[in-house]
Every structure is written in structure tokens, then in C-alpha cells.
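In this text, all values refer to a predicted model and were calculated from it rather than measured experimentally. Per chain, numbering begins at 1; letters A, B, ... match sequence-line order.
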There are 2 protein chains.
Amino acid sequence: MSVTVITIPQMSAAAITMYHQGMGRWEPDARGRLERAAIALYSERGFENTTVAEIAARARLTERTFFRHFADKREVLFWGASALQELLVSAVADAPDSAAPLDAVTTALEAAGAVLEERGEYSRQRQLIIAANADLRERELIKLASLAAALAAALRQRGVPGPAASLTAEAGIAVFKVAFASWAAENNQRSLPQLIRASLQELKAMAARGPATG
Amino acid sequence: MSVTVITIPQMSAAAITMYHQGMGRWEPDARGRLERAAIALYSERGFENTTVAEIAARARLTERTFFRHFADKREVLFWGASALQELLVSAVADAPDSAAPLDAVTTALEAAGAVLEERGEYSRQRQLIIAANADLRERELIKLASLAAALAAALRQRGVPGPAASLTAEAGIAVFKVAFASWAAENNQRSLPQLIRASLQELKAMAARGPATG
DNA sequence: AGGCCTATGTCAGTAACTGTCATCACTATA
DNA sequence: TATAGTGATGACAGTTACTGACATAGGCCT
């Protein structure tokens, strides 16, 4: 049983500019080179048909160095999720006190959706890679689950009781999933934040309907 | 790129009883022996600290045979999910036409919950193993996602439009997750179906609240 | 009797990861 | 200015999950 902790090597900006003056020991931005090489290869020939050795070779590095930067072969596509998670959590924390829990979550998701839409090209390419492979879909789900847990925690900070917080967060993620799927499917007819709002309305309508309401 | 299809070897009941009369070529119920060995070892020393070779050895079989019965090391704990999924889907299909989508889903989940509660001891042991390992949690999430997809398809059969069906199914799964977590946490104070009903009520209340209802 | 079927064994191979130690440009300090 | 770190990478061996190909030998059918 061993837990590997990944520390991200950082090369100073000075070192990067100095390299081209012949000063650096290594070509700069190893992590970025690995990431670009991986995404290119995953796109070209698929995730399963790409070996870590090939990624490293294209980035002019060794396999060992790949695993120093990324915990595993999948994580290349997911390490950015933590930044998005922080964005979401602070958006929920900053929502006005008057906002209902579900609305606070949805507003936060709209903001995140806007960010994703800025990186539209990258987002779609990444989504294609993930959709094509079962292992990657697994990883995506656990990232979303972690997002839901973080949102639930943020809601509890706002005074929402435990189970309601979990349920609201999970429902918010469901809203996001459905909206994102529509966005990826249709060709930019509606923006991601718009789709998120629409999906939320649908959730509310669905929950309100039916005989056994209380 | 290769997809391995697992065909489950079946030994006839006759062959099983005949074995103890010295007739069979192999000890019977290889699959069951592998499953029991795996669960025992996962419980004793954890999933990561158990090798497939050890499981096979305890079951008096080879590693290769393990992979003929289970697609991978995790699948031992999840192959039963397909039966549960079929139960869920047919319960949704059989719900009365008058039932609202979300209520049809929840009723189905209550039935599944009752089944899980029968296997209470096994369910809890399995849950402990899964909770202790990230890879297993990933696998569980994708099984739940597949369940959600199957439920959504069943709802569409009932005439529920696409996005609403997805959203209802996802919400149903969220309800189930929260209820199951409570059930595993508290000591049999409330039954699983009861907890599912309570969780559903909470979802409905949450969706109804707030200013931006329409 | 002969031949097919099936569950398992045997064995060799690939590729994802991990641990350990060496290297050597850069940096801080004496 | 010598010297002692520091940090990112390389080199390399080892483990383990998984796959493919072929062998084996009971049971069954004709």
C-alpha cells in the first residue's frame, strides 16, 4: 500500500525565457509538452492505443517524468478540474443570503459553464476523447462526484442541513450533466448558461408534478 | 484495441452433485470460489493489497481463469448490478400509467432497496470494501450512471420527453445515493425503502423552494 | 470408437505504474 | 570563490493487471 504524492515541478518564468539564450539545463515547460503530446495522441489514435512511452517520446522526456507530473495516464485530462471546483465553491459561498440553495448552485454552474464555453474548442476535443473511452468516463464521473461533495459542503456552510445539501448538490450536477450533453450535441444554438437555466426549470417542473407530492 | 467478451462457464447441477462422487474433472463452482476468495481477501487486507494471483490461489485456480470469469479485478464486486438494473427497468415499465415519472422511478428504487436489504450483511461488507478504495468508487459510479441511463430509457418508453427523462432518472439516482448513505451510516433505525421515500420528499421540497421558480 | 465441446492450465508477452539512485545546472551561503 | 545543497530529470529494475495462443482431458453425441 503506497500513496504517491505528485508535486508539480515549477520552472521560474526567468528560467523559461533564459532557456532560449542557451542557459537552461532542460527544455522548458515539461508538463505542458506532456499535456499537449498526450491530447494530440489521444485524439489521433484513441486513449487505449496510446502508450505513455509514446507520449513521453513526443514530448522529448521519459516515461518516468510523465508519472512525476500526472498521477496516471487519465489524469492529463482532469487535473484542471480542481480549479473549476474552487470556482464553483466560492461562487456558492458568495451567493446572496436570500438565494435558495438550488438557485445558488445553479448560478454557480452558469458561471462555470461560461468559463468552459470560452475554452470551447478545447472543451469539445476533450469531451470527444472522454466519450470514446470507458475508463475516462469513469474518471469523469468521480470528478463530478467530488464536485457534488464540495458543493454540498459549501451549502452546509450556508446553513443548509446535511441531507438537503447533498441532494441539492447532486441535483445541480444532474442539471449540469444534462445541459452539457445538449450543448455538446447541438451546434451552438444555445449557450451553455442558457441550457443550464432551461435544465433547471425542467427539474423543478418534474419535481412539482405527480400525485405523491407530500 | 481489443474488447474482451466474458462468457460465463456454467457447470450443470448434475456435474456439481456428481463431483463428490469423484466424477468431475474439476472442483465445482469455480466462479463462486473466485468470488468468495476475492471478497474475503479484499476485506482482510484491502483491495489494493490483494493480487489476482492470491485470489486464484485461494480458490485453487489460476490467474488466467480468474480473468475468464471476471473482466477485471473490480468486476467481482459489480457483476450482480445487471440483475438489479433489470429489476429497476421492469418496475418502471410496469408502473401504472397514472404515476408521475419521478414517482415511478422512486417506487422502483424502493423495490430494489428492499432486495438489497435482504442481503444486508453482504451489502454492508461490499460497501465497506468499495468505500475504502478510489478505483472501486469509480466503478460504482459508472454502474450507477448506467442505471440512470437505463431508467431514462424506460421513462422514454412511457412517453416522457428526452431531457426530462434523463433529469428524472438522475434525480432518482441522487435520491437513492443519499438514502443509501444514510442507511449505511445509521444502525438500522429506518429501513432502506423508508429512507428512499424520505429522501424523495426532501428533493421535492428543495426544488419547490426559492424565488426563481418559473 | 471417434470426434467435438468446454473449462481449465501453461506460458509468453505488453504496458501501467513504483522505488531507488545517479546526474548536473542552478542557488545560497560561507 | 569554493562548497554544499536543491530540484527536475534520466536510468533501470521490479511488480502486477491483463491478453493471446495453444495444450489438455473429461463429458457428450453420433
Are the charged groups of [X] and [Y] less than 4.0 angstrom apart, N to O?
X	Y	value
A/Arg139	A/Asp72	yes
A/Arg58	A/Glu44	yes
B/Glu75	B/Arg68	no

So, is [X] near the phosphate of [N], with a side-chain N or O under 4.0 Å from OP1 or OP2?
X	N	answer
B/Thr62	C/dT8	no
B/His69	C/dA7	no
A/Thr65	D/dG10	yes

Check every atom of D/dT9, D/dC18, C/dA16 against the side chain of A/Phe67 and return the nucleotide holding the closest atom.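 Nearest to the side-chain atoms of A/Phe67, counting from C-beta on, is C/dA16.
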
Side chain of A/Arg64 only, heavy atoms from C-beta on: which candidate in D/dA11, D/dT16, C/dA16 is closest?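 Ranking D/dA11, D/dT16, C/dA16 by closest atom to the A/Arg64 side chain puts D/dA11 first.
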
Nearest-angstrom distance from the residue atom [atom1] of [X] to [atom2] of [N]:
X	N	atom1	atom2	answer
A/Ile55	C/dA15	CD1	P	13 Å
A/Leu41	C/dA15	CG	C1'	15 Å
A/Phe66	D/dA8	CZ	P	18 Å
A/Glu48	D/dT19	CD	C1'	13 Å
B/Phe70	D/dT19	CZ	P	15 Å
B/Leu61	C/dT10	CG	P	11 Å
A/Arg33	D/dA8	CZ	C1'	11 Å
B/Glu54	D/dT15	CD	C1'	12 Å

Just checking, any donor-acceptor pair under 3.5 angstrom between side chains of B/Glu117 and B/Ser123?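 Result is no, nothing qualifies.
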
CG-CG distance between B/Asp29 and B/Leu34, expressed to the nearest 0.5 angstrom: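 The distance works out to 9.0 Å.
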
All N/O contacts under 3.5 Å from nucleotides 21-23 of chain C to the protein, with atom names and distances to one decimal?
| unit_1 | atom_1 | unit_2 | atom_2 | d |
| --- | --- | --- | --- | --- |
| C/dT23 | O2 | A/Arg25 | NH2 | 3.0 |

Which donor-acceptor pairs under 3.5 Å do the side chains of residues 151-158 of chain A make with protein atoms, sequence neighbours left out?
| unit_1 | atom_1 | unit_2 | atom_2 | d |
| --- | --- | --- | --- | --- |
| A/Arg156 | NH2 | A/Ser166 | OG | 3.2 |
| A/Arg158 | NH1 | A/Val92 | O | 3.1 |
| A/Arg158 | NH1 | A/Ala95 | O | 3.0 |
| A/Arg158 | NH2 | A/Pro96 | O | 3.1 |
| A/Arg158 | NH2 | A/Ala99 | O | 3.4 |

